[in-house]
Amino acid sequence: MNWVSDDSDGSSVDLSWLNDQDQHHDDDEPPLPLIRAPANQALQDETGASTSSLVPHFVDMGFSQELVAKAIKENGDGNSGSILELLLTYKMLEESPSGNEGNQENTLSDDNDWGDDELSDIDDFDDMDFELEMSGQASFSKKLRTLEEMGFSRDAASSAIERCGEDVPIFELADSIYAAQTAEKEGGVWDYDAFHSDQKKEGDKYDPFSHDNKRRRCDGASSSHHRSSIQMRERLKRAYRRPTTTSRRCGGDGDAVGELDNLNLPNPMVGFGLPTDSGRQLYRDIPMEAQGPPYFFYENVALTPKGVWPTISRFLYGILPEFVDSKYFAAACRKRGYIHNLPIANRFCLEPIPPKTILDAFPLARVYWPTWDTRTQFNCLQTCIGSAKLTERIREKLVASDYPPPPDVIRWVMYECKKWNLTWVGQNRVAPLEPDEVEFLLGFPRDHTRGVSRTERYKSLGNSFQVDTVAYQLSVLKDLYPNGIRVLSLFSGIGGAEVALHRLGIKMTAVLSVEISPINRTILRSWWEQTGQVGELEEVDDVQCVDDAVLERFIARHGGFDLVIGGSPCNNLAGSNRHHRDGLSGEHSSLFYHYFRILDVVKHLMARN
DNA sequence: CATACAATGAAAGCGAAC
DNA sequence: GTTCGCTTTCATTGTATG
């Protein structure tokens, strides 16, 4: 709390800007937030309880039922990342059944450019057979067998072949069966559980981040599915091919690993350069299909399991991530990767420039700060804090020691202090940062998250942007949109993007915010109203509900989106997760593909207008 | 007011991947 | 050396009932 104190020691910084006090509240017409109810509650409950997540998960991404079934069958079980790679492969084969598009390096071969074992799972199935089936040239019995492997009954398969003819591709046959079954069940979904019953998960605890337990299937998703599937096919193909194009090849090392597969974290981690760096990079090439508007901005943790950033990058037009550590913008580290298509010249910083050392940020800590604690900045602010037991153990240990303590004690205390971001609050006393201190370090207005439980505040803040860092990258939008911008904010959280834009002085004329946590939505809406925003804030609770209809309606109302911004869940990527660090295929982190999907739809819809 | 029960919040313990 | 975490257990608060 010492950072809000008055100038008792003469060294505190002016932090009055944190309160947004200049904003007046409009008594006449407070902006009316538009809350969209989930599209079809009954349908959600019905499908959510009985369906495993994998099939609808991939179907939502634009793959057809039969392809998903095939991929799961080939893959075995569990690893949805491998399944996705398979699906991409199938898509490509489906796209070019003859395997000949004049681009020989895209065909699957032993010397493929992936350089790792990502595709090893498909080694044991016959490409040619599959191609034949996909192109409709396989025999009746072969098709029958494939359809059975997909989980359809022999009766359904044979009647479908009779109904459609022997010459149609296998996926059309599967479509036909699926359509028939769907019609019978009146909106039910393909019975994945019967096919893979051991995959079924039971969820009885509410988890705000879970899309397994309360999966939502929205009206309109299926009607728009075919068109989305077609438009996404091109993108998927490109995502798959990206690392094999010659322009992306790594020169010299000869191991045929694409540049994207060799993403190294820069040191220092300053992205295209710091504001103070006179030699910073000002221009870069953005692939034509990725150029804005709409501009997009994607964020996630920098230190992910291997292969995650290359995959994300492939899906986002092959743009390389800009890795930035927030320690250059604030007093705490925050190593993050950002993929965006924004211009990078003429960036500027938020004012005032925040303090960049612990003691500048919290001057009162100096009194108790031992000389042997050499930290000048905090480590990454996370969602959990150190326990009281730990701080007590540290105190006991220090009280029992001389001053300065012996090296082994110092080593242990420093280890725990760095691990849990403890600060000094008394003689031999350490403590976790207070929520409002975390708010300050992350660049949020004071008390931005106040009003919810302490645990929730830490959780929401730990999942958020560092505002100054993001604002620096977004600052180029100010000149581009002097009259305000229309924002699609995915995984909004507590509104880091909105706060950054607001502090940059960029007017938000309309925001479509997607955030699963009602607590975070309340925080954002409350901030929106109290800062006197004049734009319209429309809220959706689940990215899986953001379909063509939702986006079309917004675009019809506001003319389009200027910025698509969001950082998808990192729980399955973050190093501190010792249980489910499953990479992009993880239950939560796989929601990244919805960012990809939604961005794709937005670009498509806006190109049409 | 006392009790049982439910709901929520806080605390503590949990290593591995890079 | 660092890491936008997860799960279980315990404590506290809220609520319905008598």
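Here the structure is a predicted model, which means the values were calculated and not measured. Here is the naming used below: chain letters follow the sequence lines, and residue numbers restart at 1 for every chain. These numbers come from the heavy atoms of this one structure, side chains and all, not from hydrogens, waters or symmetry mates.
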### Query
Would you say A:N379 reaches C:dG1's phosphate, i.e. side-chain N/O to OP1/OP2 under 4.0 Å?
no

### Task
Assign each of A:K419 and A:R454 to its nearest nucleotide of DNA chain B by heavy atoms, then name whichever residue's nucleotide is nearer the 5' end.
A:R454

### Message
When you measure from the side-chain N and O atoms of A:R578 to the phosphate of B:dA17, is any distance below 4.0 Å, counting only OP1 and OP2?
### Response
no

### Minimum-distance nucleotide to A:S453 side chain [options: B:dA12, B:dC18, B:dA10]
B:dA10

### Query
Given that A:N572 and A:Y415 both sit by DNA chain C, which one's nearest nucleotide is further toward the 5' end?
A:Y415

### Message
When you measure from the centre of the six-membered ring of A:F272, is the NZ or CZ of A:R280 closer than 6.0 Å and no more than 45° off the axis?
### Response
no

### Message
Testing A:E538, A:E539, A:E515 one by one against A:R525 for a salt bridge (Lys or Arg N to Asp or Glu O under 4.0 Å), which residue passes?
### Response
A:E539

### Message
Rounding to an integer number of Å, can you tell me how far A:E456 CD sits from B:dA7 P?
### Response
17 Å

### Query
C:dC4 pairs with which nucleotide, Watson-Crick or G-U wobble, both distances below 3.5 Å?
none

### Task
Compare side-chain N and O positions of A:T455 against OP1 and OP2 of B:dA10 and report whether any pair is under 4.0 Å apart.
yes

### Query
So what does A:T391 hit on the nucleic acid, given a heavy-atom distance under 4.0 Å: a base, only sugar-phosphate, or nothing?
nothing

#### Entry: Salt bridge present between A:R395 and A:E392 (N-O < 4.0 angstrom)
yes

### Query
Aromatic rings A:F297 and A:F465: how do their planes relate, parallel, tilted or perpendicular, breaks at 30° and 60°?
perpendicular

### Message
If I take atom NZ in residue A:K327 and atom C1' in nucleotide C:dT2, what distance separates them, rounded to the nearest angstrom?
### Response
12 Å

### Query
Separation of A:R581 atom CZ from C:dG5 atom P, in whole Å?
12 Å

### Nearest-angstrom distance from the residue atom CD of A:Q466 to P of C:dT3
14 Å

### Query
A:N571 has a side chain; which of C:dC4, C:dC6, B:dC18 sits nearest to it?
C:dC6

#### Entry: Side-chain N or O of A:N577 closer than 4.0 Å to phosphate OP1/OP2 of C:dT3
no

### Task
Check every atom of C:dC4, B:dA12, C:dT7 against the side chain of A:H579 and return the nucleotide holding the closest atom.
C:dT7

## Note on the structure
When rounded to whole Å, the CG to C1' distance for the pair A:L441 and C:dC4 reads 14 Å

### Query
Quantified in whole Å, what is the C1' atom distance between nucleotide B:dG15 and nucleotide C:dT2?
13 Å

### Summary
Paired with A:Y298, the side-chain contact (heavy atoms from CB on, under 4.5 Å) test is passed by just one of A:F592, A:F596, A:Y338, namely A:F592

### Task
Please check the phosphate of C:dT7 (OP1 and OP2 only) for any side-chain N or O of A:H580 closer than 4.0 Å.
yes

### Task
Using modelled atom types only, decide if a donor and an acceptor are shared between the side chain of A:Q466 and the backbone of A:S326 within a distance under 3.5 Å.
no

### Query
Whole-Å distance between B:dG9 P and A:I385 CD1?
15 Å

### Message
Return the pairing partner of B:dG15 with a 3.5 Å limit on both distances, Watson-Crick or G-U wobble; otherwise return none.
### Response
none

### Message
Mind checking if A:C380 touches a base, just sugar-phosphate, or nothing, with heavy atoms under 4.0 Å?
### Response
sugar-phosphate

### Under 4.0 angstrom between A:S387 side-chain N/O and B:dA12 OP1 or OP2
yes

### Protein-nucleotide distance (A:R457, atom CZ; B:dG9, atom C1'), rounded to Å
14 Å

### Message
Without decimals, in angstroms, what is the distance between A:L573 CG and C:dG5 C1'?
### Response
12 Å

